[in-house]
Amino acid sequence: MVGDGHRPAGKPLRDAQDEAGVPPGIWKGQGLAALGLAAGDVVTERQAELLLGEGRHPDADRIERELLDAGKSPAQARRATVLGRPIEHNKSPETENAKERSPWLAMDLTFRAPSTAQIAWALMDDATRRVLELCEDIARDKTLAWVEKAVAEIRWGSGGKHRRPVKDGLIVAVFRHYESRAAKPLLHDHAVISIRAQRPDGKGTWGNFSADSMLEHIVAADTLFTLYFMEEVSARLGWAWEPREVTPGRRPVLEIAGIDQRLIGWQSTRRQQIADALPILIADYEETHGHPPGERVAKALDRQAADRTRPPKRKVPRSLSELRDGWRQSAIRAFGACTVYRLAERVRAAAVAVWARVRPVVDIALAAVDITAVVYVMRGAFKRHHLLAEARRHLAHILRGRPHEPGLDEHIVQTAVDDYTRPAGQTMMTADLRALYPNDFEDQAVIRPLTRARSASRYDKARLAAGALTARVNAVRRSHRLGSRSLPHTVAVAAGAPLRSMRDRGEARAQRAIRKEVRDQEQMTDLATMEESRRVIEAVAAQMAAKLRDGMRERAAAHGPRLQPAPAPHTQQPGVQPGPGPDTPTGGVR
């Protein structure tokens with residue numbers, strides 16, 4: 001509540017926050033109305049102590065006084081202020097589960113912008129700083145709203161067997177901090193979510209929301225926050241984003257285009273400290289176990305390196321203006337005044353270059369194939385929230401800050417689930433290779449060698465597999481378009497003969513009808529529908545050709561045989577695909 005500073009004993013909370021240079025916490029969430037609070041209200045010390053420390057109503061003192069005045073006993077008055085089960089139950093001998101002896105009353109979700117946004121916030125002018133803070137506010141609130149609506153579940157009964165969406169939403173206390181422990185710029189928000197929520201029983205009873213459901217969707221919430229933040233920054237400042245590889249073989253991150261890469265190293269001092277300590281831990285692990293660490297162990301070692309290199313908290317309080325002045329002088333000393341003061345100009349120029357070469361168009365079918373391939377190679381078996389997180393990463397990389405239509409991420413996931421997955425247990429699913437390779441199941445060999453390449457990282461394998469599948473889908477689409485244009489050439493035409501006879505006119509009508517059907521089908525992107533349409537067109541062409549042959553035989557029988565000129569050789573010409581032009585669409589969903 002006071003940032004990374006130390007609060008002297010006896011000092012009021014608000015005074016300590018002023019000295020530490022951090023703003024007071026504010027309440028957020030749809031569940032505030034049930035407690036008589038409103039979004040934006042300041043979090044007082046006593047409210048936090050009661051709700052987040054004891055699981056009681058934040059206005060418990062007033063409620064207790066009123067009940068005592070009404071003749072209630074102290075025990076009855078206290079019990080009336082408890083939301084859900086009292087924490088005293090956790091300390092009783094009746095509690096057999098050791099984990100329950102330490103009551104868990106809140107969960108801290110930390111929202112932070114990418115590194116280049118931190119640099120722009122710290123080094124650019126004050127107006128840009130306020131816009132970036134507003135972008136973080138909007139992205140954080142939208143993400144919390146999604147968590148309330150789509151993720152948060154209330155549980156009750158033995159083992160939490162009864163689960164329902166929370167009745168009115170969550171109760172969140174948000175605290176904003178400005179710097180890292182390394183004294184570098186780090187704009188981030190701590191959203192402390194009270195575990196107490198109302199049950200949808202109509203009785204006003206309280207319980208605990210499902211923590212495992214919340215933890216399962218942490219990555220999906222993180223990718224959604226990043227997607228929203230990118231869109232707000234691009235809409236309000238006109239900046240663009242580009243991918244940056246932080247660690248070889250790991251997922252790239254999206255950063256603001258035009259920010260000097262040296263400034264990222266200056267801002268991410270903690271990351272360099274962790275990187276320096278990590279090889280020692282990896283070497284110790286390989287010596288002990290005889291093999292390199294896997295992905296899960298590598299993450300654990302990374303956290304261990306972060307704990308070992310964590311510096312102590314700053315003891316001298318500094319205001320935000322003092323921090324920004326110090327950061328600017330530090331960057332100027334390291335990289336020169338030109339690098340710092342021309343930062344905004346270079347970002348704007350880079351945005352123009354990015355938008356000139358990037359076409360932010362989302363192809364839902366290809367996106368579904370891409371996320372299925374990546375998640376399949378990364379995890380093997382997976383759940384819907386894994387696809388959702390990958391779909392949001394896909395949108396961020398494709399759109400580069402352009403806004404996405406609401407529900408587009410869910411649409412991509414549903415397409416992937418319906419068309420390219422199959423069940424792999426009661427709660428898990430996996431990729432359906434027969435759906436990904438509908439014509440020849442042996443073509444799954446495109447994926448298997450990639451997943452067995454021991455020298456490549458798992459993410460590199462995933463990207464190679466997704467690229468191979470995407471190329472396959474594009475090739476199938478291209479062959480369908482080119483193959484459908486050869487269908488009209490089913491009857492030879494006499495060399496040099498004008499289209500005057502009934503045979504020629506009927507043949508021309510058949511060709512025009514089939515070409516019209518082909519043009520109508522070229523706009524379709526669903527592969528199954530295109531295959532069905534191709535079969536329909538072939539059937540129509542066969543029927544019309546049969547009618548022409550029947551008519552020719554009837555006329556020949558009526559008028560007798562007559563000489564026909566030898567047919568000239570005919571070469572089928574594939575259709576020419578339109579190239580980009582001034583009318584080519586530059587955005588949207590197809």
By side chain to side chain contact (heavy atoms under 4.5 Å, CB included), which residues pair with A220, not counting sequence neighbours? W146, L388, A389, R392
Side-chain donor-acceptor pairs under 3.5 Å in residues 342-355, sequence neighbours left out?
residue: R342; atom: NE; partner: E345; partner atom: OE1; Å: 3.4
residue: R342; atom: NH2; partner: E345; partner atom: OE2; Å: 3.2

Kindly write out the residues that satisfy side chain to side chain contact (heavy atoms under 4.5 Å, CB included) with D212, not counting sequence neighbours, or none if the list is empty. R163, S210
Residues D126 and R130 bridged, charged N to O under 4.0 Å: yes
What pairs with D108 under salt bridge (charged side-chain N to carboxylate O under 4.0 Å, His left out), at least two apart in sequence or on another chain? none
Considering residues at least two apart in sequence or located in another chain, which fulfil the salt bridge (charged side-chain N to carboxylate O under 4.0 Å, His left out) criterion with R56? E54, E64
My understanding is that only residues two or more places apart in sequence, or in another chain, count here; which of them pass salt bridge (charged side-chain N to carboxylate O under 4.0 Å, His left out) with K149? none
List the steps, then state whether side chain to side chain contact (heavy atoms under 4.5 Å, CB included) holds for Y228 with H404. CA-CA 9 Å; Y228 279 140; H404 72 283; 4.0 Å; yes
Could you work out, with ring-ring contact (aromatic ring centres under 6.0 Å, His included) as the rule, every residue matching F175, not counting sequence neighbours? none
Tell me, which pairs form a ring pair (Phe, Tyr, Trp, His ring centres under 6.0 Å) where one or both residues lie in residues 109-129, sequence neighbours left out? F111-F225, W121-Y178, W121-W327
For Q261, all residues meeting side chain to side chain contact (heavy atoms under 4.5 Å, CB included), sequence neighbours excluded: R244, I264
Flag the pair R400 and E231 as a salt bridge only when some basic side-chain nitrogen lies within less than 4.0 angstrom of an acidic carboxylate oxygen. no
Note, L186 side chain near R112 side chain (heavy atom, < 4.5 Å): yes
What donor-acceptor contacts under 3.5 angstrom involve side-chain atoms of residues 21-40, with partners at least two apart or in another chain?
residue: W27; atom: NE1; partner: Q47; partner atom: OE1; Å: 3.0
residue: K28; atom: NZ; partner: D141; partner atom: OD2; Å: 3.4

Residue list, side chain to side chain contact (heavy atoms under 4.5 Å, CB included) with I398, at least two apart or on another chain: V362, H394
Sequence-distant partners of R65, salt bridge (charged side-chain N to carboxylate O under 4.0 Å, His left out), two or more places apart: none
